[in-house]
Amino acid sequence: MLRIAICGGSGYTGSELIRLLLGHPFVEITAVTSERSKGKSVSELFPHLCKCRDLTYEPLEKQVLLKKADLFFMALPHGTSQLPVDFFFRHGKKVIDLSADYRLKDPKVYEDWYKVSHKFISTIKRAVYGLPELYRERIKKADLIANPGCYPTGALLGMYPLLKAKLIEPKGIVIDSKSGASGAGRQSDIAFSFSEVNEGFRAYGLAVHRHTPEIEQEISAFLRKSVIVDFTPHLIPLDRGILTTMYVKLRGIKHTKDLYRLYKRTYAKEPFINVLEEGMYPNVKDVRGSNLCEIGFKMNKRTGTLIIVTAIDNLVKGASGQAVQNMNIMMGFDERTALSASGIHP
């Protein structure tokens, strides 16, 4: 059995990791950390995880944890993940980091957007960006995975077939995303209280959201030139789910049937990608609780713009489910183990 430690297990992504891994036949959760909840059982914080009555939160003491696990999931806030990730990685452990600390290859870009300096630049170079549909072969050989952000996951999966074929014009890419409130994490900020979120719908982080450089980094890598995008996230009164709409100009392809052929061919063997039939578009309700990404699109013939829509569960394919998918690939398990490829309707 693969011994698993979850550092930062009292947040939404941490609890989702526990939920998913409880159903994994080849792993055992041997440690879960939380500074605020140390001494409490997991089931005390999350009653639906009733099988975890004997699993108790403990402080993140690196030397103690080093002996308890073979693979570490890091579900800590950005900045605080840097040191423990580097420590466990350098001590020969496999690490999957769900924070933003190792996603951006340029430490200067990280510092500009996150206002934190990065102290482990050599370790950044060893991290593999963990979007399986794009980088599966690299993930297989990796010991350190930078798990993608939720917004970049929805955006990049929607554009990937076009990026791979270099069919997207690099200028004028517009990305518009709507996320449920759990995307902000399990915090007490008044802006995310029920009365503030319920029956509301607002944009936030205009032109400054920290997932922007992550999206630009990956698009630029495929198009082999520096690309800047307009990205605007919105908060909607849902617990979970992200719907992303992208507006792009194409080069060399204009017929819908050719686009469907391209998308179907690109994602033919992907267990967690569902390319919808023409005239159908994603709904976050249909992917709730699953590791699925659904994709639909429409060509606006009047403007020459391709409109792409994706839906994911921000806590699963956008975070913890993708982390488990990465673990499965790294360890040689069936990629689908412990993960659902169908939505759970509320």
Side-chain angles (χ1 to χ4, degrees), residues 8 11-14 16-17 73-82 85 95-107 109-116 118 124 127-135 139 144-160 163 173 175-187 204-222 227-235 240-246 272 284 287 291 293 310-326:
Y12 290 136
T13 56
E16 282 291 280
L17 277 170
F73 287 100
M74 311 301 294
L76 301 170
H78 73 268
T80 61
S81 203
Q82 284 187 36
V85 165
V95 182
I96 299 174
D97 183 26
L98 282 80
S99 84
D101 285 354
Y102 289 87
R103 294 174 191 161
L104 297 173
K105 297 301 182 183
D106 186 339
V109 174
Y110 172 84
E111 184 173 348
D112 289 344
W113 286 83
Y114 286 88
K115 309 306 177 188
V116 179
H118 210 296
I124 292 176
V128 172
Y129 190 71
L131 196 50
E133 291 78 10
L134 280 63
Y135 300 119
I139 293 167
L144 172 57
I145 297 294
N147 213 60
C150 51
Y151 286 127
T153 294
L156 293 169
L157 289 176
M159 291 186 284
Y160 172 57
L163 292 170
I173 298 173
I175 302 168
D176 179 292
S177 291
K178 285 90 174 174
S179 174
S182 61
R186 197 170 188 236
Q187 55 182 294
Y204 71 99
L206 279 74
V208 296
H209 193 279
R210 289 165 169 171
H211 283 178
T212 305
E214 188 179 334
I215 296 170
E216 292 176 344
Q217 170 182 274
E218 298 307 312
I219 293 176
S220 298
F222 276 97
V227 174
I228 296 174
V229 304
D230 280 306
F231 170 57
T232 303
H234 301 75
L235 180 65
R240 54 205 295 167
I242 291 179
L243 190 79
T244 298
T245 306
M246 292 144 275
F272 299 113
V284 293
V287 298
N291 198 52
C293 174
T310 65
I312 62 171
D313 185 320
N314 57 293
L315 295 179
V316 189
K317 185 58 173 170
S320 302
Q322 187 145 261
V324 172
Q325 186 180 359
N326 280 317

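Keep in mind that what you see is a predicted model, and the values were worked out from it rather than measured.
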task: Before giving the answer on ring pair (Phe, Tyr, Trp, His ring centres under 6.0 Å), spell out for Y204 and H234 the whole-Å C-alpha distance, their side-chain angles and the decisive distance to 0.1 Å.
output: CA-CA 6 Å; Y204 71 99; H234 301 75; 8.0 Å; no

- prompt: For S99, what residues pass the side chain to side chain donor-acceptor pair (under 3.5 Å) criterion, not counting sequence neighbours?
  reply: D97

query: What pairs with E216 under salt bridge (charged side-chain N to carboxylate O under 4.0 Å, His left out), at least two apart in sequence or on another chain?
result: none

task: Could I get the full list of side-chain contact (heavy atoms from CB on, under 4.5 Å) partners for P152, not counting sequence neighbours?
output: Y129, L156, H211, E214, I215

task: Quick one: closest heavy-atom pair of T13 and L315, and the distance?
output: CG2-CD2, 4.3 Å

- prompt: Considering only heavy atoms from C-beta outward, does the side chain of Q322 approach that of T153 to under 4.5 Å?
  reply: yes

task: Could you list the residues that satisfy side chain to side chain donor-acceptor pair (under 3.5 Å) with S177, not counting sequence neighbours?
output: T244

message: A side-chain contact here means heavy atoms from C-beta on lying under 4.5 Å apart; do E133 and Q325 qualify?
response: yes

task: Can you see which heavy atom on M246 is nearest to which on M159, and at what distance?
output: SD-CG, 3.7 Å

- line: side-chain contact (heavy atoms from CB on, under 4.5 Å) filter on A311, not counting sequence neighbours, yields L243, P282, V284, V287

task: Mind checking side chain to side chain donor-acceptor pair (under 3.5 Å) for Y160 and listing every partner two or more places apart, or none if nothing turns up?
output: none

message: Using a 3.5 Å distance criterion without hydrogens, assess whether the side chain of S81 forms a donor-acceptor pair with backbone atoms of H78.
response: no

query: Who passes salt bridge (charged side-chain N to carboxylate O under 4.0 Å, His left out) against E16, sequence neighbours left out?
result: R19, R240

- request: List for me each residue that meets side chain to side chain donor-acceptor pair (under 3.5 Å) alongside D112, sequence neighbours excluded, and say none if there are none.
  value: K108

message: My understanding is that only residues two or more places apart in sequence, or in another chain, count here; which of them pass ring pair (Phe, Tyr, Trp, His ring centres under 6.0 Å) with Y110?
response: Y114, H118

